[in-house]
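Step one of this worksheet: look at the structure below.
Letters A, B, ... mirror the listed sequences (proteins, then strands); counts begin at 1. Remember, it's a predicted structure, so these values are computed and weren't measured experimentally.
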Number of protein chains: 2
Amino acid sequence: MASKSKMDGSIGAKNKQKILVAAEKAFATYGFKGTSVQQIADEAELPKTNILYYFKSKQGLYVALLQDIMSLWNSRFDQVTEDDDPAESLADYIADKMTMSRTHPQASKIFAMEVLNGAPYLNKFFSNEHVAWMEGRVAILNSWIAQGRMTAVDPLYLLFHIWACTQHYADFSAQITSLRGKTMKRADFDEATRQLVQLILSGCGLTVPEKYLESAK
Amino acid sequence: MASKSKMDGSIGAKNKQKILVAAEKAFATYGFKGTSVQQIADEAELPKTNILYYFKSKQGLYVALLQDIMSLWNSRFDQVTEDDDPAESLADYIADKMTMSRTHPQASKIFAMEVLNGAPYLNKFFSNEHVAWMEGRVAILNSWIAQGRMTAVDPLYLLFHIWACTQHYADFSAQITSLRGKTMKRADFDEATRQLVQLILSGCGLTVPEKYLESAK
DNA sequence: CAAAAAAATGACTAAGTGGTCAGGAAATTG
DNA sequence: CAATTTCCTGACCACTTAGTCATTTTTTTG
């Protein structure tokens, strides 16, 4: 019943994926309005009409891509409980988000542009799952604070600041590269992660886990 | 010789200003490609051709606006010396940047979009003044560290993190509003500023100045 | 007040845009 | 192998867009 024809091995699924990859690159570089369907077609090496065949419209393709991107945001931090260690949980979360900025900068940029423009296609997401996720994480952080395991910071703002810093490395890479005179390599991201973990954890009265102390020197 | 006719009191200067204000609003909301000259004209309540009369092209208007925006970035922190107090200097800088995000969110968004798209019109700025500014600030921070007045953090990353957090409140306001269920008012910005000052200063081993401790309660 | 400069604007154009559609090719299926 | 579905594509269209240009109006100036 579910093995009809639209399975992943089919030619259609492969093309859809190719289009999504091309669209991610184009939208991240030129924005939604700044990207033409023709550009995506060129990038995907497919005729323009083929793009519109698989995705009903440019907007439909964009929304499909946005959904793909949102699913990338999941991390180990989603499963953390109040019995876990605050220092390690937060440090790992920061490290996970930094890894995302390094490995998926285009996704981060598309998300950033979407939010910058008022998040017209994310309002539903923001109003449901995201708020629930947030409430859960805030509750755990408050529990850690109540247990006296970390400084009494406002969890909401703490999470905002973690997002801001980690995403900054993807979204503002042009500025960072200019100021550093060179692009951020893997080792630079590792160093930035250590710096950020130290800053945030110290700011929360937490001890930095060993694995985030300066290593390879 | 300089008092010919193109002075600021003239009708032309007033219209240019009106156009820049309209353009800021439009570009911040819809991006460069997403904004038509007609939209700016409507917002400025001037005929479209009048826009093109004062600014040679849409791109010319955009670049002029970008320059205006860049000049807003100046702050007290530019004049700080190694003899100043690290805690107060950094706290004030953070507070200044938070004030900018509250009072000029549109400018912040336009800047963010420009950098997101690779900063094509800011590369010259990034390569000259900005790098020099950065080197000067890094030197002062390193001096403070050498004097043992703050923890040995990497000044470059510290500044990135300050920018990231402060600008986040302007650039990601749509997400923040959704998650909070209400917009950020003046009091909320003040609270966010206190939270951020505490986080960063504690993270740098500095004592939070009295004026940034929780007040009015 | 006349001449010159600055400001204003309606009509137009050329280029690019997202999207439709009809018809054909290829693959899948009973 | 015939039939049906999926896949593919060139031609085309309605519409928006930035920018030009010729002309007129307003302001400034000697």
Output all residues satisfying ring pair (Phe, Tyr, Trp, His ring centres under 6.0 Å) with B:Tyr212, sequence neighbours left out; order by chain, then residue number. none
Output every pair passing salt bridge (charged side-chain N to carboxylate O under 4.0 Å, His left out) with a member in residues 53-74 of chain B, not counting sequence neighbours, ordered by first then second residue. none
To the nearest 10 degrees, the angle between the two end axes of the helix from C:dC1-D:dG30 to C:dG30-D:dC1 (five pairs per end) comes to 20°
Taking side chain to side chain donor-acceptor pair (under 3.5 Å) as the cut-off, I'd like each qualifying pair that reaches into residues 97-109 of chain A, sequence neighbours left out, listed once. A:Ser108-A:Asp171
Which parts of residues 116-123 of chain A get close to DNA chain C, meaning a heavy atom less than 4.0 angstrom away? none
Does a nitrogen or oxygen in the side chain of B:Asn15 sit under 4.0 Å from OP1 or OP2 of C:dA8? yes
Are A:Trp163 and B:Phe172, when compared by the centres of their aromatic rings, separated by less than 6.0 Å? no
Suppose the criterion is salt bridge (charged side-chain N to carboxylate O under 4.0 Å, His left out): which pairs have a residue in residues 128-140 of chain B, not counting sequence neighbours? none
The side chain to side chain donor-acceptor pair (under 3.5 Å) partners of B:Glu191 (sequence neighbours excluded) come to B:Arg194, B:Gln195
Show me the pairs that pass salt bridge (charged side-chain N to carboxylate O under 4.0 Å, His left out) and involve residues 173-182 of chain B, at least two apart or across chains. B:Arg180-B:Asp188
Expressed in angstrom and rounded to an integer, what is the separation of A:Asn50 atom CG from D:dC8 atom C1'? 6 Å
Side chain to side chain donor-acceptor pair (under 3.5 Å) partners for B:His161, two or more places apart: A:Tyr169
Between B:Ile40 (CD1) and D:dG19 (C1'), how many Å, whole number? 14 Å
Side chains of A:Asp78 and A:Trp133: does their closest heavy-atom pair fall under 4.5 Å? yes
To the nearest Å, how far apart are A:Ile19 CD1 and D:dC7 C1'? 11 Å
Just how far, in rounded Å, is P of D:dA18 from OH of B:Tyr62? 15 Å
Expressed as a whole number of angstroms, how long is the span from B:Tyr30:OH to D:dA18:P? 14 Å
Once you round it to whole Å, what is the distance between P of D:dT23 and OH of B:Tyr53? 18 Å
So the salt bridge (charged side-chain N to carboxylate O under 4.0 Å, His left out) pairs with at least one residue in residues 30-45 of chain A (sequence neighbours excluded) are A:Lys25-A:Glu43
Contact letters for nucleotides 11-22 of chain C, in which S counts primed atoms plus P, OP1 and OP2 and B counts the base, heavy atoms under 4.0 Å: B-----SBBBB-
Can you sort out the partners of B:Tyr62 under ring pair (Phe, Tyr, Trp, His ring centres under 6.0 Å), two or more places apart, ordered by chain and number? B:Phe27, B:Phe32, B:Tyr121
Which whole-number value in Å describes the distance from A:Lys14 NZ to D:dT6 C1'? 16 Å
For A:Lys18 and D:dC7, what is the distance between atoms NZ and P respectively, to the nearest whole Å? 14 Å
